[in-house]
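The structure under discussion appears below in the form of C-alpha cells.
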Amino acid sequence: MARQGMKKEGAVGLILIAIIIVVAVLAFRPKGLEAALGGGFDTAEVTKIGVVLVPASGDQISTEVLATDEEFPKLLAVLQEPSYSRTNAKDDQITLEYQVYISFANDEAWAWRYQFQGGKLIQAGPSGKPKTYQISGGQATQQKILDYCLTLMEED
C-alpha cells in the first residue's frame with residue numbers, strides 16, 4: 001500500500017513539473033511585435049508612428065510617419081521582422097550611436113512605446129508600462145532598425 005501511495009505522489013509531482021515547464025515555455029517563447037507591444041496593439045489601428053533618435057552628444061532628431069505615408073508599412077515590416085522573447089535581464093549599456101524611441105499612436109493617444117540603445121534588449125509595451133524583451137539578432141537587428149530610421153530622417 002505504501003508503495004502505491006508513493007507512485008501516486010511521484011506521478012502528481014511529474015505532472016506539476018510538466019505544467020510548470022509548459023507555462024514557462026509559453027511565457028518566454030519568442031513573440032511578434034504585436035505581442036511585445038501588448039495592450040491591444042493592432043497595426044490596423046495605428047494612425048502614426050513617431051521616431052526620435054537621441055545621439056550621445058548633439059541634438060535629437062525626429063520624424064512622424066502617418067499611416068497614409070508610403071514608408072509606414074515599410075517601417076512596420078522592419079519592426080515586425082525580428083522575434084521578441086520576454087526577459088527580466090537588464091542591459092543599460094549604450095552601444096549604438098543613438099538611443100531610439102519609437103511611439104505608436106491610435107486615434108486617441110500615443111498608446112505604445114518601443115525603445116532601445118544597443119545590446120540585445122529592447123523595451124516595449126503600452127506607454128508607461130514597458131517590458132523588457134530580447135530581440136532576435138541582438139545589436140545587429142537594432143542597428144538595422146536604426147539605419148532604417150536614419151533614412152526616414154533624411155527624407156524629411
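Excluded from the calculations below are hydrogen atoms, water molecules and symmetry mates; all remaining heavy atoms, backbone and side chain alike, are included.
- Residues satisfying the side-chain contact (heavy atoms from CB on, under 4.5 Å) criterion with E45, sequence neighbours excluded, are D42.
- Residues passing the side-chain contact (heavy atoms from CB on, under 4.5 Å) test with D107 are T47, sequence neighbours excluded.
- Summarising the geometry, atom CD belonging to Q123 is positioned 15.5 Å from atom NZ belonging to K129; distances are rounded to the nearest 0.5 Å.
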side-chain contact (heavy atoms from CB on, under 4.5 Å) between T43 and E34, intermediate numbers included: CA-CA 8 Å; T43 56; E34 290 80 2; 3.6 Å; yes
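- Within 6.0 Å of CG in D147 there are more than 12 heavy atoms belonging to other residues, nucleotides or ligands.
- Of all heavy-atom pairs between T87 and Q134, the closest is CG2-N, 3.8 Å.
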Before giving the answer on side-chain contact (heavy atoms from CB on, under 4.5 Å), spell out for L37 and Y133 the whole-Å C-alpha distance, their side-chain angles and the decisive distance to 0.1 Å. CA-CA 10 Å; L37 287 171; Y133 293 88; over 6 Å; no
Test side-chain contact (heavy atoms from CB on, under 4.5 Å) applied to E64 and I49, step by step: CA-CA 6 Å; E64 283 186 5; I49 301 173; over 6 Å; no
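- Without hydrogens or angle criteria, R86 side chain to T132 main chain gives a donor-acceptor distance under 3.5 Å.
- Each of V100, T63, I102 was checked for a side chain to side chain contact (heavy atoms under 4.5 Å, CB included) with L53, and the lone residue meeting it is V100.
- Residue V52 belongs to a hydrophobic cluster whose other members are V54, Y101, with links defined by side-chain heavy atoms closer than 4.5 Å.
- For the pair I135 and Y114, the tightest heavy-atom approach, listed with the atom from each and the gap, is CD1-OH, 3.6 Å.
- Nearest heavy atoms, G50 versus W110: N-CZ3, 3.4 Å.
- Using a 4.5 Å cut-off on side-chain heavy atoms (C-beta onward), K144 and E81 make contact.
- To the nearest 0.5 Å, atoms CZ (F41) and CG (N106) are separated by 10.0 Å.
- A distance-only check finds no donor-acceptor pair linking the side chain of E97 to the backbone of Q143 [under 3.5 Å].
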Apply side-chain contact (heavy atoms from CB on, under 4.5 Å) to the pair K48 and F104, showing each step before the final yes or no. CA-CA 6 Å; K48 61 184 170 181; F104 302 85; over 6 Å; no
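- Between the CG atom in L146 and the CD atom in Q99 there is a gap of 11.5 Å [rounded to 0.5 Å].
- Here the CG atom belonging to L96 is positioned 10.0 Å from the CD1 atom belonging to I145, to the nearest 0.5 angstrom.
- L66 and L152 fall into different hydrophobic clusters, where Ile, Leu, Val, Met, Phe, Trp and Tyr residues are linked whenever their side-chain heavy atoms come under 4.5 Å apart, directly or through other members.
- Here the closest non-hydrogen pair linking L33 and Q80 is CD2-CG, 3.8 Å.
- Of all the heavy atoms in V51 and C149, the pair that sits closest is CG1-SG, 3.7 Å.
- Panel note: side chain W112, backbone G38; a donor-acceptor pair is recorded below 3.5 Å.
- Side chains of S103 and R113 form a contact here, defined as non-hydrogen atoms less than 4.5 Å apart.
- The two residues S136 and T141 make their nearest non-hydrogen contact at O-OG1, 2.6 Å.
- Under the 3.5 Å distance criterion, the side-chain polar atoms of T95 are matched with a main-chain donor or acceptor of G119.
- Separating the CG atom in L121 from the CD atom in Q139 is a distance of 11.0 Å, to the nearest 0.5 Å.
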